[in-house]
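Structure first, then comments.
Position 1 is the first residue of the sequence; numbering continues from there.
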Amino acid sequence: MAPTKAPDSSRRSDRSRRAIHDAALALVTEVGYRRTTIEGIAARAGVGKQTIYRWWPSKAAVLMDAFLDLAGRTVEEPGAESGGQAQSGEAAQGIPDTGDLVADLKLVLRATVDELNDPALEAPTRALTAEGIVDAKLGAEFVHKLLDPQLALYVTRLRAAQEAGHVRADVDPRIALELLIGPLMHRWLLRTLPLTHAYADEIVDYAVGGLAPRT
């Protein structure tokens with residue numbers, strides 16, 4: 001009689017974690033952050049509540065982990081484009097540096113528009129962003145784990161542009177990047193007008209025009 005192969009506990013754990021992530025993202029999309037509960041996530045994922053508490057200390061931790069996992073999966077998908085928002089491929093690769101600052105920034109901001117308009121990312125991103133405004137701890141975690149690493153890539157690219165003489169030496173890259181990201185997020189958060197590639201291109205043209213060396 002052939003020996004019985006022991007169950008692979010690590011694979012079972014991975015499947016459970018993925019089910020919990022998917023359940024958390026589905027619920028926050030359907031009912032919002034405040035009405036999403038550990039009990040609801042457990043029921044949707046088909047696991048016990050204690051399984052969730054064994055891995056995460058709170059609902060916020062589950063959702064943050066789920067969102068980061070979603071962003072990573074989006075990048076790994078064949079043909080996926082990366083951008084400056086939710087967990088993007090830029091975090092792994094950096095912003096392109098072809099020597100053409102305008103073209104590089106337009107590429108990144110267009111990809112960011114695509115991510116923000118992606119239904120799979122939009123709802124959980126809005127939920128976490130909105131809750132982070134009223135929950136200082138969650139907001140700080142959102143910034144620390146998700147936004148800061150991506151914003152640092154803009155700083156690196158803008159500093160390279162300064163060294164190449166494409167951006168004024170007196171420009172603060174951390175402030176300059178907000179000229180790019182700020183308008184995009186304002187239009188997306190408030191839904192003032194459609195978020196399009198054309199708008200992303202105009203933001204870059206306006207911002208870089210103000211950052212370029214004076215003649």
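Partners of K106 by salt bridge (Lys or Arg N to Asp or Glu O under 4.0 Å), not counting sequence neighbours, listed by chain and number: D205.
Cluster membership check: Y53 shares its hydrophobic cluster with I41, using side-chain heavy-atom separations under 4.5 Å among Ile, Leu, Val, Met, Phe, Trp and Tyr. Grouping the Ile, Leu, Val, Met, Phe, Trp and Tyr side chains by contacts below 4.5 angstrom, directly or via other members, places I133 apart from L116. Under the 4.5 Å side-chain heavy-atom criterion for Ile, Leu, Val, Met, Phe, Trp and Tyr, L146 and V143 are members of the same hydrophobic cluster. There is a path of hydrophobic side-chain contacts, each under 4.5 Å, that joins L189 to I181.
Heavy-atom minimum distance, D104 versus G99: OD2-N, 4.0 Å. Nearest heavy atom pair, residue L25 against residue V28, reads O-CG1, 3.3 Å. When all heavy atoms of V47 and I52 are compared, the closest pair comes out as CG2-CG1, 4.2 Å. Considering every non-hydrogen atom in both T98 and R157, the closest pair reads N-NH2, 4.4 Å. Contact detail for T29 and P124: the closest heavy-atom pair is OG1-CD, 3.6 Å. When all heavy atoms are compared, the tightest approach of H21 to W56 is NE2-CZ2, 3.5 Å.
A distance of 10.0 Å separates CD of E178 from CG of L180, quoted to the nearest 0.5 Å. The structure places CG of L68 at 8.5 Å from CZ of F142, a figure rounded to the nearest 0.5 Å. Distance check: I20 CD1 to R15 CZ gives 13.0 Å after rounding to the nearest 0.5 Å. Remark: F67 CZ to T129 OG1 distance equals 7.0 Å, nearest 0.5 Å. For the atom pair L101 CG and L158 CG, the distance stands at 6.0 Å (nearest 0.5 Å). Here the straight-line distance linking atom CD of Q150 with atom OG1 of T112 works out to 8.0 Å at 0.5 Å rounding.
Under a 3.5 Å cut-off, the side chain of R44 and the backbone N or O of A24 do not form any donor-acceptor pair. No donor-acceptor distance shorter than 3.5 angstrom exists from the side chain of D69 to the backbone of R18, with no hydrogens or angles considered. No donor-acceptor pair under 3.5 Å is formed between the side chain of K49 and the backbone N or O of A42. Without hydrogens or angle criteria, Q162 side chain to V171 main chain gives a donor-acceptor distance under 3.5 Å.
Using a 4.5 Å heavy-atom cutoff, the side chains of L27 and K59 are not in contact. Between L128 and L63 there is a side-chain heavy-atom pair separated by less than 4.5 Å. Here the side chains of W55 and D65 are not in contact, with every heavy-atom distance at 4.5 Å or above. A 4.5 Å side-chain heavy-atom check between V113 and T196 finds every atom pair outside the cut-off.
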Apply side chain to side chain contact (heavy atoms under 4.5 Å, CB included) to the pair N117 and L195, showing each step before the final yes or no.
CA-CA 8 Å; N117 287 331; L195 195 62; 4.0 Å; yes
For Y199 and L184: C-alpha separation, side-chain torsions, deciding distance, then whether side chain to side chain contact (heavy atoms under 4.5 Å, CB included) applies. CA-CA 8 Å; Y199 179 61; L184 211 63; 4.1 Å; yes
Q | Derivation of the side chain to side chain contact (heavy atoms under 4.5 Å, CB included) call for W188 and T125 | A | CA-CA 11 Å; W188 177 74; T125 303; 3.5 Å; yes
Worksheet item: Yes or no on side chain to side chain contact (heavy atoms under 4.5 Å, CB included) for L151 and R174, after CA distance, side-chain angles and deciding distance?
Response: CA-CA 8 Å; L151 296 181; R174 187 58 181 77; 3.4 Å; yes
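Within a 6.0 Å radius of CZ in R34, other residues, nucleotides and ligands contribute 12 heavy atoms or fewer.
Remark: the H166 side chain and the D100 side chain contain no N/O donor-acceptor pair separated by less than 3.5 Å.
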